[in-house]
Amino acid sequence: MREVIKIAFRRENITVIACADAASALAQFEQNRPDIVITDVIMPDQDGYSVCSQIKNHPEFGNTPVVLMSGVVNKSVADKAVSVQADELIRKPFIQPQELIGRVKSLLEPKGHVPQPSIEHNGGRPTVGSSASLSSLFAPAPAAVPVPPTKSCVSSEL
């Protein structure tokens with residue numbers, strides 16, 4: 001999965017620094033401050049919630065967007081993602097890497113850009129909801145947005 005993601009992001013001019021565990025991902029902050037972090041919820045040394053919390057509570061890195069990925073996405077997982085201030089929660093495996101790329105690009109948009117309302121799926125019927133709501137974590141990927149080259153991601157245990 002990690003290699004597929006690296007190849008897909010490379011095609012979008014987004015550099016990926018892949019890490020096998022949370023400790024090596026967090027160590028990357030010392031060498032290569034990433035523009036965004038993508039981390040699995042379940043990893044061998046510590047979970048993605050902990051990684052997210054450490055990043056969000058760090059005085060220098062707290063504004064770095066964090067995307068959590070999980071094989072199970074339910075209310076409990078979503079509530080935990082919100083409690084650690086994750087910027088996105090995405091279900092894996094995803095069908096196309098473009099879903100993840102779209103979410104990453106939307107998080108890398110310049111601040112002040114007005115986001116489009118998210119589309120939520122409620123019982124199979126799409127409804128428009130607030131982008132600040134918990135259910136926006138489950139919204140489909142936004143339309144592609146141009147991203148300047150050399151943005152980097154740190155992914156762990158994908």
Side-chain angles (χ1 to χ4, degrees), residues 1-2 4-6 8-10 12-94 97 99-118 120 129-142 145 147-158:
M1 171 85 68
R2 226 178 303 163
V4 170
I5 291 171
K6 282 173 67 173
F9 276 97
R10 189 176 309 129
E12 299 289 327
N13 275 340
I14 299 174
T15 303
V16 175
I17 302 165
C19 303
D21 56 43
S24 58
L26 290 169
Q28 284 296 324
F29 276 90
E30 300 299 321
Q31 300 168 342
N32 305 300
R33 182 176 177 177
D35 296 309
I36 190 165
V37 174
I38 304 168
T39 184
D40 201 327
V41 167
I42 298 175
M43 292 182 287
D45 52 350
Q46 59 183 298
D47 64 30
Y49 302 121
S50 173
V51 170
C52 182
S53 182
Q54 289 176 63
I55 292 167
K56 293 299 187 175
N57 290 317
H58 192 282
E60 188 178 344
F61 307 130
N63 290 327
T64 305
V66 177
V67 177
L68 293 176
M69 295 182 64
S70 177
V72 175
V73 176
N74 56 30
K75 184 169 177 9
S76 173
V77 172
D79 287 349
K80 183 74 173 183
V82 168
S83 75
V84 296
Q85 302 173 26
D87 295 277
E88 283 283 347
L89 173 63
I90 190 168
R91 182 185 316 267
K92 66 172 198 166
F94 38 85
E99 177 184 358
L100 179 59
I101 290 168
R103 290 185 185 220
V104 166
K105 285 182 174 183
S106 71
L107 289 169
L108 293 175
E109 284 179 349
K111 302 296 183 224
H113 179 269
V114 179
Q116 298 298 315
S118 62
E120 302 164 12
S130 163
S131 62
S133 70
L134 173 65
S135 56
S136 71
L137 292 170
F138 303 100
V145 175
V147 176
T150 70
K151 296 291 182 179
S152 42
C153 303
V154 174
S155 60
S156 31
E157 189 56 26
L158 300 174

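Counting from 1, the numbers follow the sequence of the chain as shown.
- Evaluation of the side-chain hydrogen bond (donor to acceptor under 3.5 Å, both in side chains) rule for S50 yields Q46, Q54 as partners, not counting sequence neighbours.
- Checking side-chain atoms of R103 against main-chain N and O of V67 turns up no donor-acceptor pair under 3.5 Å.
- Under the side-chain contact (heavy atoms from CB on, under 4.5 Å) criterion, A8 pairs with P97, I101, not counting sequence neighbours.
- Partner of K105 under the salt bridge (charged side-chain N to carboxylate O under 4.0 Å, His left out) criterion, out of E99, E12, E88: E12 alone.
- Looking at L26 and I55, their side chains come closer than 4.5 Å, going by heavy atoms from C-beta outward.
- Counting heavy atoms from C-beta outward, V77 and Y49 have side chains that approach closer than 4.5 Å.
- The list of salt bridge (Lys or Arg N to Asp or Glu O under 4.0 Å) pairs with a residue in residues 64-73, not counting sequence neighbours, is empty.
- Contact detail for R91 and G71: the closest heavy-atom pair is CG-O, 4.5 Å.
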- Message: Working note: K92 + D40, criterion side chain to side chain contact (heavy atoms under 4.5 Å, CB included); need CA distance, chi angles, decisive distance, verdict.
- Response: CA-CA 9 Å; K92 66 172 198 166; D40 201 327; 2.4 Å; yes
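- Applying the salt bridge (charged side-chain N to carboxylate O under 4.0 Å, His left out) rule to K56 yields the partners D87; only residues at least two apart in sequence or on another chain are considered.
- When all heavy atoms are compared, the tightest approach of S70 to L89 is CB-CD1, 4.4 Å.
- In this structure, NZ in K80 is found 13.0 Å from CG in N74, a value given to the nearest 0.5 Å.
- Looking at N57, its side chain does come within 3.5 Å of a backbone N or O of S53 through a donor-acceptor pair.
- Listed by first then second residue, pairs satisfying ring pair (Phe, Tyr, Trp, His ring centres under 6.0 Å) with a partner in residues 57-87 read F29-F61, H58-F61, not counting sequence neighbours.
- Within the model, atoms NZ of K6 and OG1 of T15 stand 10.5 Å from one another, a figure rounded to the nearest 0.5 Å.
- For E60 against R33, the heavy-atom pair with the smallest separation is O-NH2, 2.9 Å.
- Looking at every heavy atom in both residues, V41 comes nearest to D47 through O-CB, 3.0 Å.
- With sequence neighbours left out, the side-chain contact (heavy atoms from CB on, under 4.5 Å) criterion links D45 to D21, A22, A23, M43.
- With sequence neighbours excluded, no residue satisfies side-chain hydrogen bond (donor to acceptor under 3.5 Å, both in side chains) with T64.
- The side chain to side chain contact (heavy atoms under 4.5 Å, CB included) test with I38 is passed by exactly one of L68, V16, V104: V104.
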